[in-house]
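The structure that follows is given in the form of structure tokens.
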Number of protein chains: 2
Amino acid sequence: MATTEAPAEPLSIGEVAERTGLSVHALRFYEREGMLVGPVQRTAGGRRRYTTVDVEWLLICVKLRESGMPLADLKHFAELVRHGPGNEAERLQLLDAHQQRVEAQIQALEECRSIIAWKVGIYAENLARGEAGGLWDPTG
Amino acid sequence: MATTEAPAEPLSIGEVAERTGLSVHALRFYEREGMLVGPVQRTAGGRRRYTTVDVEWLLICVKLRESGMPLADLKHFAELVRHGPGNEAERLQLLDAHQQRVEAQIQALEECRSIIAWKVGIYAENLARGEAGGLWDPTG
DNA sequence: CTACGAGCTAGAGCAGGGTCTAGATCAAGT
DNA sequence: ACTTGATCTAGACCCTGCTCTAGCTCGTAG
């Protein structure tokens, strides 16, 4: 993945916020909480300079969070990566467990979807044939 | 739906907790917060007695919550149902909006899933051929 | 030089969604 | 009658995951 990429200018926190969708607050928060793999570089004046690698990691974080990984797990994963080679099995296990949770959640959502679709169908149908139908039960 | 069902014994809060997966605390909380359509019946001694209809509504609540509907929306929906006929269009709109959020969420999860699957694949592969591979980049 | 926006830190605050506690009551078994 | 376990109410508390504030500094454009 880190093959043919130009080193590229490091980015400010605001720029990283833009491209990750995280707020600058969240970025600082993640850093404080140890969700990053390495320390972020700073300018002479103390401003953060994010490298491409940093941003890539953050993008992964965003995906993992979006798919429901708790910050604690994310932190754990970051720790494993930070401590370098030797714990790959554990990393794999963590990701794998998460993957299974994601699968399960997709399943659950699909089930919900079909229930909702069914309800929506009933409402639409009843509305279409003039809201007179007497079968508005208290179950919604 | 409420066609050929036996009236069945009303259930205690604990029994309802069991069959909905909600805690008794959550059940009382939902009730306080107005997430139920009608008031729950009580015994002479003040204990709650849930009817089949109550439980069905709760099961719907669980599904809606599972699929990410905020309590505020659920409450709104309950209010609409409580106020009986005349607001079906609004109920439909609410459900429909939720349905779209669910669709979007499924999409997002599927994207995450494939990213994770890809990472898992890389780890598995590298582990399989002896953890010596030198390409453990800091991106995880 | 000076302004003004972006960044900095530490820490307080907030929203959502319950969970837990205390102290009392109910109900069922022995 | 007594013990035990489930419920009751009101309200305090908790956890997660940020978000916001205050007061200060950087750095770039006029």
Side-chain angles (χ1 to χ4, degrees), chain A residues 9-36 39-51 54-55 57-79 98 101 105 108 112, chain B residues 9-36 39-51 54-55 58-78 98 101 105 108 112:
Chain A
E9 296 285 282
L11 301 172
S12 74
I13 196 171
E15 291 164 329
V16 174
E18 256 177 54
R19 38 211 95 177
T20 57
L22 296 166
S23 70
V24 296
H25 300 295
L27 284 169
R28 291 194 277 247
F29 170 73
Y30 277 25
E31 184 177 339
R32 272 208 304 271
E33 298 296 302
M35 245 72 75
L36 304 192
V40 177
Q41 297 306 307
R42 303 291 185 120
T43 64
R47 271 82 202 283
R48 291 173 177 81
R49 313 268 60 199
Y50 293 85
T51 66
D54 294 332
V55 174
W57 171 255
L58 281 166
L59 289 170
I60 290 168
C61 289
V62 166
K63 285 302 171 192
L64 292 174
R65 289 285 303 122
E66 250 177 42
S67 52
M69 182 181 283
L71 288 184
D73 289 16
L74 191 45
K75 177 173 181 175
H76 185 189
F77 187 42
E79 274 159 7
H98 182 59
R101 269 175 284 142
Q105 223 207 316
C112 295
Chain B
E9 295 286 282
L11 302 172
S12 73
I13 195 169
E15 291 164 329
V16 174
E18 255 178 54
R19 37 211 96 177
T20 58
L22 295 166
S23 70
V24 297
H25 301 295
L27 283 168
R28 293 195 276 248
F29 171 72
Y30 277 26
E31 184 178 339
R32 274 208 303 273
E33 299 295 302
M35 244 72 76
L36 304 192
V40 176
Q41 296 306 308
R42 302 292 185 120
T43 64
R47 269 83 205 281
R48 293 172 177 80
R49 312 267 61 196
Y50 293 84
T51 66
D54 294 331
V55 174
L58 281 166
L59 289 171
I60 291 168
C61 288
V62 166
K63 283 303 171 190
L64 292 174
R65 289 285 304 122
E66 248 178 41
S67 52
M69 182 181 282
L71 287 185
D73 288 18
L74 191 46
K75 177 174 182 175
H76 185 188
F77 188 43
H98 182 59
R101 268 174 285 142
Q105 222 203 313
C112 297

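Naming convention: chains lettered A, B, ... in sequence-line order (proteins, then strands); numbering from 1 in each chain. For the numbers below, each heavy atom of this structure counts, side chains included, while hydrogens, waters and symmetry mates do not.
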**Study point:** Given C:dG7, C:dG11, C:dT9, the nucleotide with the shortest approach to the side chain of A:V24
**Key:**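 Within the option list, the nearest is C:dG7.
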
Check your understanding: How far does OG of A:S12 sit from CD of A:E18, to the nearest 0.5 angstrom?
Key ->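 Reported to 0.5 Å precision, the distance equals 8.0 Å.
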
**Study point:** Side chain of A:P70 - closest among C:dG7, D:dG17, D:dC18
**Key:** D:dG17

Review point. Does a nitrogen or oxygen in the side chain of A:S12 sit under 4.0 Å from OP1 or OP2 of C:dG7?
Key: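 Checking C:dG7 against A:S12, a side-chain N or O does come within under 4.0 Å of OP1 or OP2.
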
Exercise for review: For the side chain of B:I13, starting at C-beta, report the closest nucleotide among D:dC18, D:dC8, C:dG7.
Suggested key: D:dC8

Review point. What is the distance from CG of B:L71 to P of D:dT16, rounded to the nearest Å?
Key: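 After rounding, the reported distance stands at 18 Å.
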
Review point. What are the two closest non-hydrogen atoms of A:L36 and A:W57, and how far apart are they?
Key: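 Here A:L36 and A:W57 meet closest at CA-NE1, 3.8 Å.
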
Check your understanding: For the pair made of CZ in A:F29 and C1' in C:dC14, what is the distance, rounded to whole Å?
Key ->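 Whole-Å distance recorded here is 13 Å.
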
Heteroatom pairs (N/O) under 3.5 angstrom, protein to nucleotides 26-28 of chain D:
{"unit_1": "D:dC26", "atom_1": "O4'", "unit_2": "A:R47", "atom_2": "NE", "d": "3.4"}
{"unit_1": "D:dC26", "atom_1": "O4'", "unit_2": "A:R47", "atom_2": "NH2", "d": "3.0"}

Check your understanding: Expressed in angstrom and rounded to an integer, what is the separation of A:R32 atom CZ from D:dC20 atom C1'?
Key -> 11 Å

Review point. Roughly how far, to the nearest 0.5 Å, is OG of A:S67 from NE2 of A:H98?
Key: 3.0 Å

**Study point:** Nearest non-hydrogen partners of A:R65 and A:P70, listed with the distance
**Key:**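 Shortest heavy-atom contact: NH1-CA, 4.0 Å.
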
Which pairs of donor and acceptor atoms, one on a side chain in residues 22-34 of chain B, lie under 3.5 Å apart (sequence neighbours left out)?
{"unit_1": "B:S23", "atom_1": "OG", "unit_2": "B:H25", "atom_2": "N", "d": "3.4"}
{"unit_1": "B:S23", "atom_1": "OG", "unit_2": "B:A26", "atom_2": "N", "d": "2.9"}
{"unit_1": "B:E31", "atom_1": "OE1", "unit_2": "B:R48", "atom_2": "NE", "d": "2.6"}

Study note, to complete from the structure: With the side chain defined as heavy atoms from C-beta on, A:H25 is closest, among C:dC8, C:dG17, D:dT21, to D:dT21

Exercise for review: Might you point out which heavy atoms bring A:C112 and B:K63 nearest each other, and give the distance in Å?
Suggested key: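 The answer is SG-O, 3.3 Å.
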
Point to revise | Sugar-phosphate only, base, or nothing, as touched by A:R49 at under 4.0 Å among non-hydrogen atoms | key: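 Here A:R49 touches no strand at all.
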
**Study point:** Between C:dT9 (C1') and A:E31 (CD): distance, integer Å
**Key:** 11 Å

Check your understanding: Under 4.0 Å between a side-chain N or O of B:R28 and OP1 or OP2 of D:dT9?
Key -> no

Revision key, fill the gap. In short, A:L59 meets A:R19 closest at the heavy-atom pair CD2-O, 3.6 Å

Review point. Where the side chain of A:R48 is concerned, which of C:dC8, D:dC18, C:dG17 is the nearest nucleotide?
Key: C:dC8

Exercise for review: Compare side-chain N and O positions of A:Y30 against OP1 and OP2 of D:dG17 and report whether any pair is under 4.0 Å apart.
Suggested key: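 It does not, given that no N or O in the side chain of A:Y30 lies less than 4.0 Å from OP1 or OP2 of D:dG17.
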
